[in-house]
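Both counts, for ligands and for their atoms, begin at 1 and track the order of listing. Atoms considered below: every heavy atom in the structure, side chains included; atoms not considered: hydrogens, waters and symmetry mates.
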Amino acid sequence: MSDLTLIIGNKNYSSWSLRPWFWMKQMGLSFEEKRIPLFTEQTDAQLEQYYSNYKVPVLLDDEFIVWDSMAILEYLAEKYPQHNGWPESFEDRAMARSMCAEMHSGFTTIRNELPMNCRKILSLIQLSKEASEDIDRITSLWRYFRKRYMHEGPWLFGQFSIADAVYAPIVLRFKSYGISLGKIEQEYLEHVLSQEAIIKWCEAGKKESEIILMNEITHTFSKI
Ligand SMILES: N[C@@H](CCC(=O)N[C@@H](CS)C(=O)NCC(=O)O)C(=O)O
């Protein structure tokens with residue numbers, strides 16, 4: 001039995017939970033998962049014991065607690081160096097970390113306007129200027145790294161790394177909201193969507209019955 005337990009939120013909605021979950025699944029780590037539906041009357045009481053300021057994800061390693069998706073990913077990368085959490089070269093690691101830090105501290109407009117929602121399939125969504133700028137920034141990052149590492153594999157830095165796990169919820173958002181992409185970004189998106197772990201996460205998310213209203217976007221442009 002594994003000593004690792006990952007506490008996650010609703011699979012349909014919890015983008016921060018998906019990041020370590022996806023990385024752990026891709027690496028074949030054995031772990032228990034414990035799902036705590038968010039924003040219910042019981043959520044705070046259920047999360048209180050983990051000292052995570054009532055947020056998910058949380059990793060339990062036996063009795064040891066790590067919270068915040070980036071801290072969890074860094075912890076796992078250190079604990080399992082054989083899984084190459086970060087790219088091999090010093091320079092690539094710095095770029096991968098830059099990309100992850102940018103996601104962790106920014107892109108708030110995307111978070112608010114295009115919340116992760118595996119069940120949702122919309123097209124022609126009405127985007128603010130700021131959301132379009134966030135999308136342009138993300139697609140330019142994907143394009144840059146895919147072009148640079150194209151010959152080393154299908155992931156952002158060629159081989160799968162924490163950067164791919166951190167950007168996986170963006171892939172799901174672009175799919176849900178029908179964001180049109182260039183060829184390179186579209187190929188990357190399809191590659192992520194074809195992963196068994198992502199397929200399973202989305203299937204499980206779609207079966208959940210909880211509805212978090214603030215993550216249910218309905219405004220679309222009507223076709224002329
Ligand atoms: N920076 C944190 C963000 C964690 C976070 O905001 N998680 C959301 C779920 S995706 C949450 O727990 N929300 C519940 C709340 O804010 O009460 C991380 O990377 O783990």
Asks: With sequence neighbours left out, write down each residue that passes ring-ring contact (aromatic ring centres under 6.0 Å, His included) with Phe107, or none if nothing qualifies.
Replies: none
Asks: How are the rings of Phe22 and Phe160 set relative to one another: parallel (under 30°), tilted (30 to 60°) or perpendicular (over 60°)?
Replies: perpendicular
Asks: Could you go step by step and tell me if Ser15 and Arg173 meet the side-chain contact (heavy atoms from CB on, under 4.5 Å) rule?
Replies: CA-CA 10 Å; Ser15 58; Arg173 289 173 158 110; 3.9 Å; yes
Asks: Mind checking what residues have non-hydrogen atoms under 4.0 angstrom from ligand 1?
Replies: Ser14, Ser15, Trp16, Leu38, Phe39, Tyr54, Lys55, Val56, Pro57, Asp68, Ser69, His104
Asks: I'd like to check the side chain to side chain contact (heavy atoms under 4.5 Å, CB included) partners of Tyr80; sequence neighbours left out, ordered by chain and number.
Replies: Leu4, Leu29, Leu76, Gln82, His83
Asks: Applying ring-ring contact (aromatic ring centres under 6.0 Å, His included), can you list everything that pairs with Trp86, at least two apart in sequence or on another chain?
Replies: none
Asks: Here's one to test your reading of the geometry: is the NZ or CZ of Arg19 within 45 degrees of the ring axis of Trp21 and under 6.0 Å from its centre?
Replies: no
